[in-house]
Amino acid sequence: MSEILLEVKDLKKYFPVKGGMFSSGKGWVHAVDGISLTVERGETFGLVGESGCGKSSLSRVILGLVKKDSGEVLYKGQEVSTMNRSQRSRMRMVFQNPFASLNPKEKVFDTIAEPYRIAGGYSRQQIQEEVMKLLDLVGLSRGYATRYPHEFSGGQRQRIGIARALAMDPEFIICDEPVSALDVSIQAQILNLLRDIQKDMGLTYVFISHNLGVIKYVSDRIAVMYLGKIVEIAKAPDLYAAPSHPYTQALLSAIPGAAESLNIERVLLKDDIPSPVNPPAGCRFCTRCLYAKENCFREEPVMQQVGDGHYAACHLLGKGAEG
Ligand code: SF4
């Protein structure tokens, strides 16, 4: 039976909007607004949506880097906010921008060694051995340890970021748009590296991307996020074969050739994503949805089961079990 590693229940995080140096708060950004999900050990759980939908905020709240407002984040049954540093070291993150996430003044060795030094209890010899092992694992020459980030290409820098995330033997990693800042030619190499490492180390990933091609390539299950909420969750093949939510359909229909093969209308998403400070009442997608009816502007749809492990939140769907 599969083991649930991460369980998120009705998680909320709002950030205050500041109007300027002399003004007080001007409202709240509804970045994460009642998210519930589970991640099973060993799987890659994809999180997809347009930029500004709250994916990155969600990942930071899950890891305890940002304090939640309400809800629960349980890692192996324990609330993350009550975990000590050593327990949290099993949960790590690969950041989006390898150009910004590395300290330019720090040699590669020190960047990768830092988690061991912070944790304490490791001899110089042990740290040396661990760093060399990690360089091997991510396909970088051991000789690179004495160099600085500016001496590397984007792909090599992301390998350094991955090596650092793998320090201290983690079991759960959030990959936050890990290839979006890289040349297309390099992206597949990094995705394959992440997949190989996952197999070797038995890792569990939450993989965040706005790119549906990347998400499809890496994910076992996928959640589609829109304005702080999850609107659809399904196994990856099911989501691409039979998207249920109009927003998912719109995203997929934008992939060349997909609308025809899915037999759905090609939907051009009109307007930009609304401000998360004043999200629409009712269904969050109502201002851009082709099928919106009057009740969509008043009532928030709840998650309904539409297939095996497949859930979506839309008034158009038949009444089913709540997910
Ligand atoms: Fe569109 Fe209404 Fe469904 Fe929302 S609930 S996705 S507005 S049809």
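Note that ligands are numbered from 1 as they come in the structure, with each ligand's atoms numbered from 1 the same way. Counting from 1, the numbers follow the sequence of the chain as shown.
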Taking atom 4 (Fe) of ligand 1 as the center, what protein N, O or S atoms are found at less than 2.8 Å?
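Sorted hits: Cys283 SG.
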
Is it possible for you to say whether Leu65 and Val73 belong to one hydrophobic cluster, with membership spreading through side-chain heavy-atom contacts below 4.5 Å?
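Result: yes, single cluster for both.
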
Keeping to residues at least two apart or across chains, list the ring-ring contact (aromatic ring centres under 6.0 Å, His included) pairs with something in residues 53-76.
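Sorted result for residues 53-76: Tyr75-Phe172.
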
Is there side-chain contact between Met93 and Leu63, with heavy atoms separated by less than 4.5 Å?
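Contact flag for Met93/Leu63 side chains = yes.
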
Check: Tyr205 ring centre within less than 6.0 Å of Phe45 ring centre:
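No, too far apart.
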
Could you tell me whether Asp33 and Lys13 make a salt bridge, using a distance below 4.0 angstrom between a side-chain N and a carboxylate O?
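Here Asp33 does not pair with Lys13 in a salt bridge, since their nearest N and O are not under 4.0 Å apart.
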
Gap between atom CD1 of Ile273 and atom CZ of Arg284 - 0.5 Å precision
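Answer for the CZ-CD1 pair, Arg284 versus Ile273, is 10.5 Å.
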
